[in-house]
Amino acid sequence: MWIKKGLGLINMEKLWLFCCLIFCYPQSGVGIQHSAYPHLVAAPCPTGYFPCNTSDVCVEQRKNCDSHSDCPDGSDEWACEDHNRKNLFDQLFKKRPDADREKNMSGCELRTPPNECSCSKKSLYCNQRNLREVPLLLPQNVQELDLSGNKLHILHKSYFPVLRNLDTLLLTSSEVTLLKTEAFGNLMYLKQLYLTNNRISVITNGTFWSNTNLKLLVLSHNPLSVLSSGAFMGLMNLEDLDLRECGLQTLPPAVFDDLAKLSSLLLDGNKLETFPPYIFQNLKKLQILSLSRNKLTTVDSLTFEGLENLKSLAISQNKLHSLRRDTFGNLTSLLKLDLQGNTIRSIERKTFSMMTKLDSLNLKKNPLKALRPGAFDELLQLNYIYFDEFHLCSFALHVRVCEPRGDGISSIAHLLDSVVLRISVWLVAFVAGLGNVAVLVGRFLLAEPNEVHSFYIKNLSLADLLMSVYLFIIAAYDVAFRGHYIHHETRWRHSWQCSMCGFLSTLSSESSVLILTIITIDRYTSILYPLSLKRRTIASASIAMGAVWSVAILLSALPLLDIDYYGDEFYGNNGVCLPLHIHDPFGQAWEYSTFLFCGLNLAAFLFILFAYISMFFTISHSKIGLRSTQQLQDRTIAKRFAFIVGTDFLCWVPIVLIKVIAMGGVEIQKDLYAWVAVFLLPVNSALNPVLYTLTTKLFKQHLAKIVYSCRTPAHTANDTSGISLTSILHHRNSKKTMITTFSERDHNSSNRTSLLVPDSPASIRANASHKRKDFQSFMKEDMI
């Protein structure tokens with residue numbers, strides 16, 4: 001239908017489409033890529049987002065293929081399997097013909113098979129029969145012959161009769177040491193030959209000259225020290241060649257020239273350091289080339305010259321240290337590139353400029369420290385890319401699937417990826433902060449009978465308070481980076497703020513461990529050796545705490561110094577700046593991390609465990625208190641000691657075990673690492689106020705007085721308001737005077753008892769008396 005307007009004619013369909021675009025486009029948040037009229041789309045999805053198949057919804061990169069549909073039609077979960085990667089694995093781990101032999105055993109169809117062999121259909125199995133030569137009078141209609149596991153040392157042409165129907169020959173693990181020229185010359189129709197795991201050291205010219213129909217040749221796990229330039233002459237129809245684990249150090253320049261139809265070449269696990277130029281130039285049909293586990297330090301365009309149909313290239317676990325523009329030459333048909341496990345630090349721009357069809361790229365286990373923006377910009381067809389660290393995905397935001405999606409703690413979007421984790425950080429920070437502030441304020445305001453013990457607890461609360469400060473800083477930065485963490489990730493991990501967070505967390509953790517050890521030593525010596533050591537004083541306690549803080553500060557500050565051993569990511573190896581190094585147990589300075597979180601913490605826990613067990617048995621056997629209350633006291637002490645040791649165990653030992661397991665090669669789930677780093681390690685800082693102050697008998701008594709005073713009638717409070725402050729001060733001063741008097745009396749008593757004869761009745765009574773006083777003091781300051 002047409003409408004006349006002025007001098008022109010307008011098609012109604014085009015007019016309707018034009019109006020729709022005018023009125024509808026401003027309402028759409030992002031442009032539509034899968035439109036019925038792609039040439040009319042005004043704006044695509046922003047960088048890092050991908051369009052759904054049948055709607056204008058754009059999905060973030062990390063949400064593609066995460067097993068959760070974010071597109072209305074579920075298209076973000078389509079095509080999630082990396083088929084190129086799967087095809088390489090299938091080629092590397094291809095089934096042998098005899099893999100399912102037991103399932104396929106059936107009636108024999110061979111004419112007069114040898115007595116020493118078994119038969120199934122047209123297959124003859126003479127394996128593991130201790131044969132020293134090939135059986136005579138083999139059936140002419142045999143199609144598969146298995147001679148594996150025998151002792152056939154030298155193979156020559158006369159060993160095998162003419163067998164026109166034989167297409168598969170297995171000589172695996174048969175102690176073959178030498179292949180004579182044309183050793184398989186009578187097997188002209190042979191298609192598959194397996195010579196795996198023998199002792200073949202030399203393959204001379206013309207060994208396979210007559211085997212023109214051979215399609216598969218497996219020579220893996222042989223000590224091939226010499227491979228002649230004409231070793232594969234005559235194999236013009238060979239499609240698969242397996243030379244894995246052969247100890248090859250060099251390759252002759254023209255060794256593969258006759259393999260015009262070769263499709264797969266496996267050279268993994270050799271000792272190749274370099275390749276001659278143009279060595280693969282005649283392999284025009286080669287599709288899979290695997291060079292993993294060699295010693296290659298460099299490759300260039302001349303190495304891959306002629307591989308115009310190559311689809312999969314694996315150079316993993318070599319020693320490549322950089323990728324240059326001329327590294328891969330003109331591999332325009334390549335779909336899969338595996339560079340895992342090298343030492344690649346930098347990738348020049350335009351390195352992948354010719355790989356316009358590349359679909360999958362694996363760069364895991366490479367120290368990509370000098371990666372520059374734009375390194376992957378030419379890979380417009382890339383759908384899968386694999387790194388070790390998720391933040392590297394920021395260099396490939398145009399790739400649909402980038403792994404890993406996070407490190408268990410952080411993700412592309414958030415510093416703390418889990419909602420539960422975000423809530424837990426605020427909760428633990430608040431509880432630890434409130435509890436430790438309450439302990440500090442309370443112990444400064446209230447007079448206590450044991451000033452030394454109170455001094456230790458104040459230092460412990462200060463150390464734990466630092467962990468609360470650390471958690472609040474991490475939580476605040478999580479809020480600041482929410483939704484776009486990937487844009488700040490690298491800068492944050494290398495910032496002084498992150499280093500300071502790591503310093504605070506390590507200082508808090510290690511000082512807390514050391515102070516708990518000092519408290520345990522103080523209790524241990526007071527209970528077990530009341531007469532052997534001098535009485536505790538604030539001066540000696542101050543010296544001990546000064547030493548503890550000095551050691552803790554030194555241990556925490558060393559990684560901040562400009563020392564090459566620690567590198568620049570000791571604290572910044574993850575988003576929360578903790579140096580646990582569980583995800584990379586042998587990363588830089590792993591020995592120091594292991595010393596801090598395994599050696600020091602485990603030694604402290606073992607001592608605390610030993611000390612509290614010793615104290616419990618000492619107290620139980622001293623028969624302190626009345627006979628009727630002895631059992632109750634023992635239960636109370638056991639409960640208290642078990643609570644202290646149990647919480648230390650739950651907070652420290654799992655971290656030690658997880659780190660040791662990770663160092664043993666067991667992969668730790670990333671989610672578990674997140675909970676260890678953000679919840680399990682700091683939670684001890686929240687529990688210490690409860691253990692050492694809030695549940696003690698003295699604190700309960702003070703709390704009861706405060707509650708009682710709050711319940712006093714208003715008029716009584718008014719009558720006593722004029723003297724309350726004076727009374728409180730008088731009470732504190734009198735209490736201090738009593739404490740001083742008791743301390744002096746105890747000191748004089750200890751001086752008198754020191755003059756007693758050891759093991760005399762008087763000395764034993766004095767020892768018991770001191771144990772009673774120490775225990776009673778301990779009960780006041782530490783019992784539930």
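Along the sequence shown, residues carry numbers from 1. Small disclaimer: the values here were computed from a predicted structure and weren't measured.
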query: Are Leu516 and Leu460 side-chain neighbours, meaning at least one heavy-atom pair lies under 4.5 Å?
result: yes
query: If we only count heavy atoms from C-beta on, is the Leu440 to Leu465 side-chain gap below 4.5 Å?
result: yes
- request: Would you indicate whether Phe430, at its atom CZ, is surrounded by more than 12 heavy atoms from other residues, nucleotides or ligands within a distance under 6.0 Å?
  value: no
Who pairs with [X] by salt bridge (charged side-chain N to carboxylate O under 4.0 Å, His left out), at least two apart in sequence or on another chain?
| X | result |
| --- | --- |
| Lys369 | Glu569 |
| Asp464 | none |
| Glu403 | none |
| Arg482 | Asp478 |

Locate the shortest heavy-atom distance separating [X] from [Y]; write the atom from each residue and the value.
| X | Y | value |
| --- | --- | --- |
| Val425 | Leu471 | CG1-O, 3.5 Å |
| Tyr456 | Ala544 | OH-CB, 4.5 Å |
| Trp652 | Asn601 | CE3-O, 3.9 Å |
| Ser685 | Asn436 | O-ND2, 3.2 Å |
| Pro404 | Cys393 | O-SG, 3.9 Å |

query: Atom CG of Leu421 and atom CG of Leu415: how far apart are they, to the nearest 0.5 Å?
result: 9.5 Å
task: Step by step, work out the side-chain hydrogen bond (donor to acceptor under 3.5 Å, both in side chains) result for Ser508 and Ser505.
output: CA-CA 5 Å; Ser508 173; Ser505 64; over 6 Å; no
task: Just say parallel, tilted or perpendicular for the rings of Tyr477 and Phe481, cut-offs at 30° and 60°.
output: tilted
- request: Could you check whether the rings of Phe607 and Tyr524 sit parallel, tilted or perpendicular, using 30° and 60° as the cut-offs?
  value: perpendicular
According to side chain to side chain contact (heavy atoms under 4.5 Å, CB included), who are the partners of [X], at least two apart in sequence or on a separate chain?
| X | value |
| --- | --- |
| Ser394 | Ile486 |
| Cys598 | Thr594, Val656, Lys659, Val660 |
| Cys651 | Val683, Asn684, Leu687 |

field: Residue pairs involving residues 407-427 (criterion salt bridge (Lys or Arg N to Asp or Glu O under 4.0 Å); sequence neighbours excluded)
entry: Arg62-Asp417
message: Can you confirm whether the thiol sulfurs of Cys577 and Cys498 sit closer than 2.5 Å?
response: yes
query: Between Phe503 and Tyr470, is a side chain to side chain contact (heavy atoms under 4.5 Å, CB included) present by the stated rule, with each step listed?
result: CA-CA 9 Å; Phe503 171 79; Tyr470 155 76; over 6 Å; no
- request: Would you please test Tyr612 and Arg523 for side-chain hydrogen bond (donor to acceptor under 3.5 Å, both in side chains) and show each step?
  value: CA-CA 9 Å; Tyr612 276 105; Arg523 292 176 173 177; 2.7 Å; yes
Please enumerate all residues that pass ring-ring contact (aromatic ring centres under 6.0 Å, His included) together with [X], with sequence neighbours excluded.
| X | result |
| --- | --- |
| Phe595 | none |
| Phe649 | Phe605 |
| His484 | His488 |

query: Taking it one step at a time, do Ile563 and Phe570 satisfy side chain to side chain contact (heavy atoms under 4.5 Å, CB included)?
result: CA-CA 11 Å; Ile563 301 175; Phe570 183 80; over 6 Å; no
query: Among pairs that include at least one residue of residues 553-567, which meet side chain to side chain donor-acceptor pair (under 3.5 Å), considering only residues two or more places apart or in two chains?
result: Tyr565-Glu591
- request: Flag this pair as yes if the NZ/CZ of Lys364 is under 6.0 angstrom from the six-membered ring centre of Phe387 and inside a 45 degree cone about the axis; otherwise no.
  value: no
